[in-house]
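Here the structure is laid out as structure tokens; the discussion comes afterwards.
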Amino acid sequence: MTTKILCIGDIHIGRIPGHIPQSLEQYALAPSVLGPVTAWQRSVDEAISQRVDAVVLSGDLVDDDKAFYAALGPLEFGLERLGAENIPVYAVAGNHDGDVLPRLASHLGRLRILGPGGTWTAADLPGGVRIAGWSFTGTSVTSSPMPACAAALAALPAAAGPTIGLLHCDLGAVGGTYAPVAHAELADPAVSAWLLGHIHQPGRLGSQARPVGYLGTLSPLDPTESGVRGPWMLTVDGGSLTMQHLPLAPLRWETFDLTVDDLDQLVDFEGFISEAVRARTEALTPTFGDARAVGYRINLTGATRHHRDLPKKCADAAGQLVRKIGAVVCFVDKVSCTETRPVIDLAACSNGTDPPAVLARMLLDIQQRTETGNALIARAIPRLSAELRQDRWVHMDPLTLDQDYAAAMLLRAGFRALDELLAQRENAGEVSL
């Protein structure tokens with residue numbers, strides 16, 4: 001027997017997505033239309049259309065314990081529709097709704113909270129699939145809830161099928177107040193999958209035979225939450241589990257790099273950005289799913305003789321471009337030029353003993369991978385590695401910190417520093433090289 005479960009991450013009902021330009025209202029796309037409530041309604045539609053066996057939610061359904069009224073209506077409407085189709089709904093409470101979700105559930109009879117009171121509880125679905133979960137009881141939990149999990153599951157009658165864990169936690173954190181859980185604590189094969197809430201970036205659940213990771217936000221709440229957003233469909237067929245990410249969010253954010261190497265003049269910078277948005281949109285259209293609006297953040301890269309004029313051009317572009325391309329309305333939230341560099345003749349600049357000449361020779365060594373340049377790169381890698389091991393980067397996609405990456409970072413920083421030194425020379429009345 002095949003069991004289908006619609007899995008929903010952080011919804012945060014009560015929060016309106018940020019950085020939406022007012023000009024989108026001419027397309028009837030107010031921020032509230034592009035937010036969590038619409039994504040929740042679409043997920044309910046999908047659950048009914050796909051005739052799923054259950055809907056599960058990994059916490060932070062509600063954005064704040066004060067958002068009782070904002071959440072009551074949307075949740076009630078969706079739960080009644082699911083109940084009419086005999087689709088049960090199970091949820092765990094997160095740090096944002098540890099207090100308010102149980103109160104809402106007491107008024108919404110069709111919502112079942114797993115793990116109330118900081119305990120572990122479970123529910124059995126058709127096909128013998130078991131959902132086990134634990135809930136926050138407030139806004140903070142300083143210890144891992146996992147030590148009690150194995151004993152709680154062992155006390156239950158054996159499940160006929162796989163057990164799916166549902167948990168709101170801070171995976172990989174060392175300490176903290178959001179239920180820190182070590183990766184090793186989720187390694188027990190007795191639980192066939194762990195569907196997590198709290199971190200808004202979705203994991204690579206679709207590529208794992210044993211899915212363990214974050215479901216991510218149901219709909220993006222700010223521009224950092226880029227890429228596909230929506231619920232996940234978990235299909236259990238015997239002992240096989242597959243996860244599919246469904247692009248049902250009404251809003252999509254994308255970030256992409258755009259080279260300025262061929263930007264000869266800034267007269268039509270606006271057209272340059274607009275054309276890049278059109279090309280990017282057409283390339284990504286097959287992945288947009290049900291998105292109605294797509295917001296872009298553009299990172300300019302490469303070298304240009306207009307380097308010093310780019311910051312003002314980028315600032316002028318932010319929040320201005322809005323255009324309908326195909327079925328979606330596109331807008332640009334931000335254009336960044338922090339990764340661009342000036343065009344500098346390093347060979348000409350390297351003659352002498354002053355700071356610009358010394359720095360130019362170092363950059364030449366890095367570019368040409370001389371013995372001196374390789375030594376500089378080798379010295380940089382451990383320092384960069386130490387920075388990447390900091391807790392604040394733990395949930396980012398891992399970087400391949402090899403010599404090429406380190407060299408690119410050194411060159412970018414070095415060219416910018418050299419440009420500043422040359423500008424100081426110009427301001428002092430000297431002739432720039």
Side-chain angles (χ1 to χ4, degrees), residues 8-25 27 29-43 57-67 70-71 74 94-97 139 168 170 178 196-203 213-232 245-257 277 280-281 284 287-299 314-315 317-322 328-336 338-339 391-397:
I8 298 176
D10 297 39
I11 306 179
H12 288 273
I13 293 176
R15 191 188 304 186
I16 301 298
H19 295 259
I20 307 299
Q22 187 175 357
S23 53
L24 259 63
E25 293 185 4
Y27 299 96
L29 294 176
S32 59
V33 175
L34 298 172
V37 171
T38 298
W40 161 244
Q41 293 168 346
R42 289 181 173 186
S43 297
L57 303 106
S58 64
D60 284 0
L61 284 68
V62 186
D63 187 58
D64 188 275
D65 279 338
K66 299 177 182 178
N95 58 290
H96 276 259
D97 55 11
T139 58
H168 200 89
D170 198 355
Y178 301 122
L196 308 179
H198 181 58
I199 298 301
H200 290 183
Q201 182 63 28
Y214 287 101
L215 297 171
T217 43
L218 182 64
S219 189
L221 303 173
D222 63 57
T224 66
E225 299 178 12
S226 59
V228 175
R229 298 285 155 162
W232 293 77
H245 206 179
L246 308 179
L248 299 183
L251 174 64
R252 173 82 165 253
W253 282 101
E254 286 291 334
T255 298
F256 69 95
D257 294 339
V277 167
R280 187 68 173 178
T281 300
L284 290 175
T287 73
F288 284 159
D290 292 339
R292 296 182 62 190
V294 181
Y296 287 103
R297 284 191 164 184
I298 303 173
N299 296 323
C314 290
Q320 298 302 310
L321 174 64
V322 176
V328 298
V329 177
C330 302
F331 62 96
V332 173
D333 174 66
K334 182 179 181 181
V335 182
S336 171
T338 58
E339 296 186 18
D391 289 345
R392 58 180 172 273
W393 309 119
V394 69
H395 297 297
M396 291 184 63
D397 291 338

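Nothing fancy with the numbering, it's 1 onward along the sequence.
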If you round to the nearest 0.5 Å, how far is [atom2] of [Y] from [atom1] of [X]?
X: L215; Y: H200; atom1: CG; atom2: NE2; answer: 11.5 Å
X: T217; Y: R15; atom1: OG1; atom2: CZ; answer: 9.0 Å
X: R252; Y: L34; atom1: CZ; atom2: CG; answer: 14.0 Å

Backbone N or O of [Y] within a donor-acceptor pair of the [X] side chain at under 3.5 Å?
X: R42; Y: D290; value: yes
X: W40; Y: P74; value: yes
X: D10; Y: H12; value: no
X: S43; Y: A39; value: yes
X: D97; Y: D60; value: yes
X: H96; Y: V62; value: no

Minimum side-chain heavy-atom gap [X]-[Y] below 4.5 Å:
X: P36; Y: L61; result: no
X: P231; Y: L248; result: yes
X: R229; Y: P202; result: yes
X: S58; Y: L196; result: no
X: L24; Y: V33; result: no
X: T139; Y: D65; result: yes
X: L284; Y: V294; result: no
X: S219; Y: P17; result: no

Return the minimal non-hydrogen interatomic distance between [X] and [Y], and the atom names on each side.
X: L218; Y: A249; answer: O-CB, 3.7 Å
X: F331; Y: V322; answer: CB-CG2, 3.9 Å
X: I20; Y: P31; answer: CB-CG, 4.0 Å
X: K66; Y: D64; answer: N-OD1, 2.7 Å
X: Y214; Y: G197; answer: CE2-O, 3.2 Å
X: A318; Y: K334; answer: CB-CA, 4.4 Å

Listed by chain and number, what are the side chain to side chain contact (heavy atoms under 4.5 Å, CB included) partners of Y178, not counting sequence neighbours?
N95, D170, H198
With respect to S336, which candidate in N299, I298, D257 satisfies the side chain to side chain contact (heavy atoms under 4.5 Å, CB included) definition?
N299
Under the criterion side chain to side chain contact (heavy atoms under 4.5 Å, CB included), I'd like the reasoning laid out for T224 against W253: C-alpha separation, chi angles, the key distance, then a yes or no.
CA-CA 8 Å; T224 66; W253 282 101; over 6 Å; no
